[in-house]
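To keep things clear, I will list the structure first and then write my remarks on it.
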Amino acid sequence: MPYSGIEQFNTAQRRAVTHGDGPVLVIAGAGTGKTKTLAGRVAHLIAGGVPPQRICLLTFTRRAAAELLRRAEAGTSATGHVWGGTFHATVNRLLRLHGRTLGLDPDFTVIDQADAADLMNLIRVDLGLSKTVNARRFPGKDTLAAIYSRMVNSRTRIDLVLESHFPWCRDDSDDIRKIFEQYTARKRAQGVLDYDDLLLYWKALCDTTGAGELVADRFDHILVDEYQDTNTVQAEILAGMRRTRNNVMVVGDDAQAIYGFRGATINNILDFPDQFKGTEIIRLEQNYRSTQPILDASNRVMAHAARRHEKQLVTLRRGGERPTIMTCLDESEQSREVCDRVLAHREEGLQLKSQAVLFRAGHNSDQLEVELSRRNIPFVKYGGLKFIEAAHVKDMIAALRMLENPADELSWHRVLQVIEGIGPSTARRIMAAIGVGKAENDDQSFAAASDGRSPLRRLAESPPSVPPAAREQFKSLRSVIADCMGTPAPPPASQVQRIRQFYEKVFTRLYDNTTVRVRDLEQLEQLAGRYASRAELITDLTLDPPSSTQDFAGDPLRDDDYLILSTIHSAKGCEWDAVHILHMADGVIPSDMATGNEAQVDEERRLLYVAMTRARTALHLYFPLRYYYAGRGMTDRHTYAQLTRFIPKPDHDAYDHQTASAAAQTREAETPTTADGTPLAVDAILRELW
DNA sequence: CATTTATAAATTTTT
DNA sequence: TTTATAAATG
């Protein structure tokens, strides 16, 4: 039975949708209907008789997967069981089924990057590497996690990674190696997997005789979205999954590769035809999203890239305004201008929801958020500070994970220290006494604590002594654990509730604005109500966390109109009628931290390209002239910024240049025009005081 | 001796 | 906003 909606696709899209067997590489420029094509492909396969559960659709984010499946469903009747999601979420499911063949306990728990960093830090302290020596500090935990992740994901030797991306850590390579050794050993011993492990285990699974074929044969078709942002391990996984069957479609755009920092490599796209013999290459170059002036400006940004990109997108959308570059005096004027323009667009009939403000780094929108709140303009921020990163949420997840996986050193370490009177060393002592953590590797002291009982039983039956101040709370923690471990175990929501009650007493001492935090945990409790098992709840919270409290169903804001604020990275794959891009200053874009080599600068350039090509009809770039030195206290010391190097003089005719009022006035003030030559900068001086 | 409190310093993007 | 060190406290 042919797929019915085929007439809605152009020729190239149709080739992709109706492609038969064998490998396909789809090069899909920005706004060329990539999502629609992928969804159509899935619908076509199902209509052609492929059982949905034999299709695996790998996407970059969970949001992308949900959107794709929603659209695919619109084309057919039954798509409920397509395996869709991120690489990480997919392998999580696979490992619960097949992990045992790798010697992996299927009850493993997963830690995110922040947890990984915390574990690194734990080891760093153990090894005595956390101290400052000769005014030099050992790399921080986030740096360590970043080095490790890049090393694994690009499968590059540590020396090379340090040399090319973390040159300031070169001298510490021996100690870094020691930390990594311990890190992997402890994870292994404790049944804990980090994000990178998930991918490695998938690859290992593919390489295992028997299990490898079994897993690969689950799927008739594998489709991968955003292939330009996959890393070496992911490419190896794909190869491993397609050793015998070669039905595979990858979709991507080399001009939109923006995840190099995560080990992604453009070689995956370039080498795909070599890796899979007989690959058909399809190019989608017809843009349906943006007006011509917006595309012109975007194409010219890319034209200066060191590595040339073959395609120049063309659009059918004639007419339209040139993008504007709005020069502002400083960041606060930028915030006011953005608000003014957003509201002006709304007057013209564009909903707030169809507009977005994009920026390089999460904190770039801080001032704007204040201004938006002041003017009562509702907004939702993507990719900023996340729900899951809040300390009190981490506390809750640590407690749940400790119950689920009592060997998990990291969680015990966190939970125990919540109690007044228990700090790092008492926590360590307790953990050693019940047989958690480092003791596992240290046969001497472990032998003393090792009597075959689990840490939880030991805690219940022979509790270690604690300082007097901690006794009461320690007792109540033990009773929480007992309640949650009862048989049958209470449902996840009840466990969350029980833990929350314990934390409520503790939070007043630890944090301020306790009420807000407790409310967050109440929402978490509601979320837990949708889960039958604690394991599933924990995994979802780690692999697919609610991006903010607004993500919870039933939030009144959901139905309202609100402006989107997003980092450029998180805006990937999205589109809006009007797009506002903040901080077009050199040093922000490209980021000062990413100008080390040409490859890094090029990635920043692609980042700007991605941001600009999100716009359908209106594109506004904002450029603050002045940047004040960050620091506390009142200081008006500032530097003057340069417009981003990605828009050089010869390209200025692609934009409409405007100057915000205060900036214009300052410009006048800097060229004295009064008769007596007195600078008329009084107003400007006063203004700077605000 | 261990914990808590206070103070000074630091750099981005995310599954 | 987090994080290492020093001083204060139990």
Side-chain angles (χ1 to χ4, degrees), chain A residues 58-65 85-92 110-118 121 124-125 129-133 135-143 145-146 149-150 152-153 165 168 193-199 226 229-231 233-234 257-264 358-364 366 382-386 388-391 417 419-429 466-470 509-511 542-545 547 566-572 583 587-595 600 603-604 606-607 610-611 630-632:
Chain A
L58 297 167
T59 56
F60 199 72
T61 63
R62 172 67 194 285
R63 275 208 341 250
T86 60
F87 275 82
H88 297 84
T90 304
V91 69
N92 171 62
V110 179
I111 60 173
D112 65 17
Q113 174 109 4
D115 297 323
D118 286 341
N121 200 43
R124 191 167 72 131
V125 173
L129 292 168
S130 58
K131 287 192 253 295
T132 308
V133 184
R136 256 194 84 243
R137 282 232 279 248
F138 194 74
K141 58 175 184 171
D142 296 309
T143 312
S149 192
R150 186 181 269 270
V152 173
N153 284 306
H165 292 97
W168 63 93
L193 267 59
D194 63 22
Y195 283 153
D196 304 326
D197 287 326
L198 286 171
L199 297 183
E226 308 281 12
D229 286 322
T230 54
N231 59 43
V233 180
Q234 288 167 315
I258 55 174
Y259 277 90
F261 70 93
R262 230 171 73 179
L358 307 182
F359 36 86
R360 173 69 177 85
H363 64 258
N364 287 156
D366 289 352
Y382 292 152
L385 185 76
K386 285 186 187 131
I388 200 90
E389 286 164 17
Q417 285 187 80
I419 294 169
E420 184 164 26
I422 296 183
S425 74
T426 309
R428 282 237 149 72
R429 190 171 52 75
V466 295
R509 182 181 63 90
L510 282 180
Y511 311 119
T542 311
L543 251 31
D544 180 24
S547 61
S566 173
T567 59
I568 300 173
H569 283 93
S570 295
K572 188 164 85 155
H583 292 293
V588 180
I589 247 194
S591 164
D592 269 336
M593 277 151 275
T595 51
Q600 289 181 320
E603 178 150 317
E604 298 283 307
R606 293 192 295 268
L607 206 48
V610 167
R632 357 169 218 297

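By convention in this document, chain letters (A, B, ...) are assigned in the order of the sequence lines, proteins followed by strands, and residues within each chain are numbered from 1.
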Legend entry - Nearest atoms (heavy-atom pairs only) where Glu604(A) meets Ser591(A): OE1-N, 2.9 Å

Inset, instruction - Can you see which heavy atom on Ala571(A) is nearest to which on Ser566(A), and at what distance? - result: N-OG, 3.5 Å

Inset, instruction - Quick one, give me the B/S/- string for nucleotides 3-10 of chain C, reading 5' to 3', where B means a protein heavy atom under 4.0 Å from the base and S means that only happens at the primed atoms, P, OP1 or OP2. - result: SSS-----

Inset, instruction - Please report, rounded to the nearest Å, how far the C1' atom of dT12(B) is from the NE2 atom of His363(A). - result: 8 Å

Inset, instruction - Specify the separation, in whole Å, of atom CD of Glu389(A) and atom C1' of dT1(C). - result: 12 Å

Inset, instruction - Kindly say if Ser570(A) contacts the phosphate of dT13(B), meaning a side-chain N or O under 4.0 Å from OP1 or OP2. - result: no

Inset, instruction - Dot-bracket notation for DNA chain B is requested: 5' to 3', Watson-Crick or G-U wobble pairs only, both distances under 3.5 Å, with ( ), [ ], | and . as defined. - result: ||||||||||.....

Legend entry - Polar contact flag, side-chain donor to acceptor under 3.5 angstrom, His583(A)-Arg360(A): no

Inset, instruction - Using whole Å, report how far CG of Leu543(A) lies from P of dT14(B). - result: 16 Å

Inset, instruction - Using a 4.0 Å heavy-atom cut-off across all strands, classify Tyr259(A) as base, sugar-phosphate, or nothing. - result: sugar-phosphate

Inset, instruction - Return the nearest nucleotide to the side chain of Tyr195(A); candidates are dT12(B), dT14(B), dT15(B). - result: dT15(B)

Legend entry - Stepwise side-chain contact (heavy atoms from CB on, under 4.5 Å) check, Tyr195(A) with Arg262(A): CA-CA 11 Å; Tyr195(A) 283 153; Arg262(A) 230 171 73 179; over 6 Å; no

Inset, instruction - State, without any angle test, whether Thr542(A) and Asp112(A) hold a side-chain donor-acceptor pair at a distance under 3.5 Å. - result: no

Inset, instruction - Let me know the distance between CG of Asp115(A) and P of dT15(B), rounded to the nearest Å. - result: 15 Å

Legend entry - Nucleotide dT13(B), atom C1' - distance to CZ of Arg262(A) in whole Å: 10 Å

Legend entry - Heavy-atom pair with the smallest gap, counting every atom of Thr86(A) and Arg62(A): CG2-N, 3.8 Å

Could you list all N or O pairs between the protein and nucleotides 2-5 of chain B that sit under 3.5 Å apart?
residue : atom : partner   : partner atom : Å
dA2(B)  : O3'  : Ser425(A) : OG           : 3.0
dA2(B)  : O3'  : Thr426(A) : OG1          : 3.2
dT3(B)  : OP1  : Gly423(A) : N            : 2.8
dT3(B)  : OP1  : Gly423(A) : O            : 3.3
dT3(B)  : OP1  : Thr426(A) : N            : 2.8
dT3(B)  : OP1  : Thr426(A) : OG1          : 2.2
dT3(B)  : OP2  : Ser425(A) : N            : 3.1
dT3(B)  : OP2  : Ser425(A) : OG           : 2.7
dT3(B)  : O5'  : Gly423(A) : N            : 3.4
dT4(B)  : OP1  : Gly421(A) : N            : 2.6

Inset, instruction - Compare the aromatic ring of Phe261(A) with the six-membered base ring of dT14(B) and state whether they stack according to the 5.5 Å and 30° rule. - result: no

Inset, instruction - To the nearest 0.5 angstrom, please state how far the NE2 atom of His88(A) sits from the CG atom of Leu193(A). - result: 10.5 Å

Inset, instruction - State yes or no: are the ring centers of Phe359(A) and His569(A) separated by less than 6.0 Å? - result: no

Legend entry - Lys572(A) to Phe60(A), cation-pi by 6.0 Å centre distance and 45° axis angle: yes

Inset, instruction - May I have the step-by-step check of side-chain contact (heavy atoms from CB on, under 4.5 Å) for Thr90(A) and Leu58(A), ending in yes or no? - result: CA-CA 8 Å; Thr90(A) 304; Leu58(A) 297 167; 3.5 Å; yes

Inset, instruction - In whole angstrom, give the distance that lies between atom CD1 of Ile258(A) and atom C1' of dT12(B). - result: 13 Å

Legend entry - Within-4.5 Å side-chain heavy-atom neighbours: His165(A) and Gln600(A): yes

Inset, instruction - To the nearest Å, give me how far apart CG (Leu193(A)) and P (dT15(B)) are. - result: 18 Å

Inset, instruction - Give the minimum heavy-atom separation between Ala361(A) and Thr567(A), together with the two atoms involved. - result: C-CG2, 4.3 Å

Legend entry - Distance, C1' atom - from dA4(C) to dT12(B), rounded to whole angstrom: 23 Å

Legend entry - Whole-Å gap separating P (dT13(B)) and CE (Met593(A)): 9 Å

